[in-house]
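Protein chains get the first letters and strands the later ones, always in sequence-line order, with residue 1 at the start of each. Small disclaimer: the values here were computed from a predicted structure and weren't measured. In what follows, every heavy atom counts, from backbone to side chain, and hydrogens, waters and symmetry copies are set aside.
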Number of protein chains: 2
Amino acid sequence: MLQVRSARLHVMLWRRANEPFSGSWALPGGPLLADERLGTSVARQLASKVEVRQLAHLEQLETRSDPDRDPRGRTVATAYLGLVPSHLDPVLPDDTAWQPVDALPETAFDHGSIVTSALERLRAKLSYTNVGFALAPPTFSVAELREIYVAALGYEVTATNLQRVLLRRGVLEATGETAASGRAGGRPAALYRFVTSSLEVTDPFAVLRPPSSRAR
Amino acid sequence: MLQVRSARLHVMLWRRANEPFSGSWALPGGPLLADERLGTSVARQLASKVEVRQLAHLEQLETRSDPDRDPRGRTVATAYLGLVPSHLDPVLPDDTAWQPVDALPETAFDHGSIVTSALERLRAKLSYTNVGFALAPPTFSVAELREIYVAALGYEVTATNLQRVLLRRGVLEATGETAASGRAGGRPAALYRFVTSSLEVTDPFAVLRPPSSRAR
DNA sequence: CCAAAAGTGTTGGGAATACACCCATGC
DNA sequence: GCATGGGTGTATTCCCAACACTTTTGG
């Protein structure tokens with residue numbers, strides 16, 4: 001589960017009290033029940049940590065099967081990527097906390113590398129889909145959205161170009177409302193929202209695209 | 001396992017002799033052994049059908065967990081995408097055959113939708129990576145490569161543009177040799193090869209790319 | 001009037017498609 | 001020489017990044 005908090009991307013981890021990896025931080029998870037599908041299982045595992053309704057997006061990442069990934073014995077685990085919009089602040093259990101992805105504490109099992117995979121996936125999808133909807137609040141100024149993208153991508157993005165790319169693609173639309181300007185003055189920002197709040201690919205083929213509009 | 005054969009993309013399937021889905025066609029697969037990782041298991045399953053060395057590329061696709069996917073009872077299956085270069089023609093068991101992906105016979109379980117996922121993945125990666133290496137023979141003319149891309153993508157691509165895109169990205173290089181011209185004459189084609197024969201992303205960010213070369 | 005913040009106009013570059021044209025070979 | 005297939009040159013289009021400039025607010 002990833003969320004942008006205070007302009008930094010964080011991952012939700014819980015601190016293990018028992019061996020193995022006692023004291024290390026782990027991703028939430030647990031065994032699959034007899035008649036459960038993986039997506040349902042993930043939701044169930046997370047429900048013990050937060051309110052699941054706060055998850056704006058969930059997608060399967062990859063399945064890890066290294067026989068040595070758990071020292072207690074063979075386990076096969078399927079990792080999921082979950083995103084929480086930045087305006088929410090779920091109540092967390094005592095052993096659970098948001099950790100900045102750019103300065104992770106010591107992690108248990110192969111969870112560190114799973115977080116790395118999740119990051120790669122998120123960063124790629126920010127570029128060619130509308131996933132931003134799952135990190136952003138319902139409405140926002142371009143400046144706020146920029147902060148979220150910068151936190152998630154890990155590099156600078158200008159508000160100007162971000163706005164133009166997302167508007168041209170029809171990913172964002174203006175709400176017609178404006179935010180109040182800050183105490184230091186400045187023009188009030190227009191508020192925007194994501195047109196769709198489910199995953200859509202907005203930039204399908206970079207190259208080798210089908211010949212212009214002619215059906216085959 | 002996918003391969004381009006006679007300018008058409010095919011998938012290797014075997015015909016089930018027993019219930020359930022007797023007579024339908026299925027993807028090769030089987031249970032994971034106690035101390036085996038998934039990639040190894042896939043290789044082992046395929047080894048019973050073909051020579052595994054002929055697999056030029058193998059990558060994990062997704063894990064299916066619908067409790068009803070197998071009428072005999074709950075199974076969880078991780079699908080892989082495997083690619084075989086077009087110049088190879090593996091000897092197949094009697095119950096196994098290459099089936100064209102655009103006219104699949106009746107398939108067992110959820111294997112039809114797995115093939116669809118595999119196709120989407122392959123088509124996307126042809127556009128932003130060098131995966132082509134795993135479908136093409138060691139050397140080839142641009143015309144031959146075009147035929148492979150057209151078969152895999154399912155739409156027309158011109159030799160001119162294919163050549164330019166792949167050369168500019170440094171994915172292809174000329175071998176310096178030329179093919180003999182056909183019986184009808186014509187200029188002999190230059191032969192090319194893929195520079196690398198392992199997966200590389202050649203077109204990372206379509207948009208929202210990091211600010212020009214400045215490190216953060 | 002000035003500082004601050006938001007938003008628009010404009011330019012320049014790069015990359016991809018499309019199409020015209022030139023090249024090399026067999027018959 | 002002509003048909004056939006291969007390859008290059010070039011124009012057009014589109015999209016993105018960069019940056020200058022304008023707009024709108026608070027003090």
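- Every ring-ring contact (aromatic ring centres under 6.0 Å, His included) that A/Phe194 has, sequence neighbours left out, goes to A/Phe140.
- Between the CD atom of A/Glu177 and the C1' atom of C/dG7 there is a distance of 18 Å, given to the nearest Å.
- Protein atom CG of B/Asp203 is 13 Å distant from nucleotide atom C1' of D/dC15, rounded to whole Å.
- Taking the side-chain contact (heavy atoms from CB on, under 4.5 Å) definition, one finds that B/Ser24 meets it with B/Phe21, B/Glu106, B/Ala108, sequence neighbours left out.
- A/Leu162 has its CG atom 17 Å from the P atom of D/dC15, to the nearest Å.
- Atom P of nucleotide C/dA6 and atom CG of A/Asn161 are separated by 16 Å, given to the nearest angstrom.
- Remark: B/Leu13 CG to B/Met1 CE distance equals 11.5 Å, nearest 0.5 Å.
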* Structure fact -> In 5'-to-3' order, the base (B), backbone-only (S) or no-contact (-) status of each nucleotide in nucleotides 3-10 of chain D, using a 4.0 angstrom heavy-atom cut-off, is -BBBSBBB
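- Listed by chain and number, the residues in a side-chain contact (heavy atoms from CB on, under 4.5 Å) with A/Glu51 are A/Arg53, A/Gln54 (sequence neighbours excluded).
- Taking the ring-ring contact (aromatic ring centres under 6.0 Å, His included) definition, one finds that A/His57 meets it with nothing, sequence neighbours left out.
- When the P atom of C/dA5 is taken as reference, atom CD of A/Glu147 falls 13 Å away, rounded to whole Å.
- Qualifying ring-ring contact (aromatic ring centres under 6.0 Å, His included) partners for B/His111, counting only residues two or more places apart in sequence or in other chains: B/Phe109.
- Here B/Arg146 lies out of heavy-atom contact (under 4.0 Å) with every strand.
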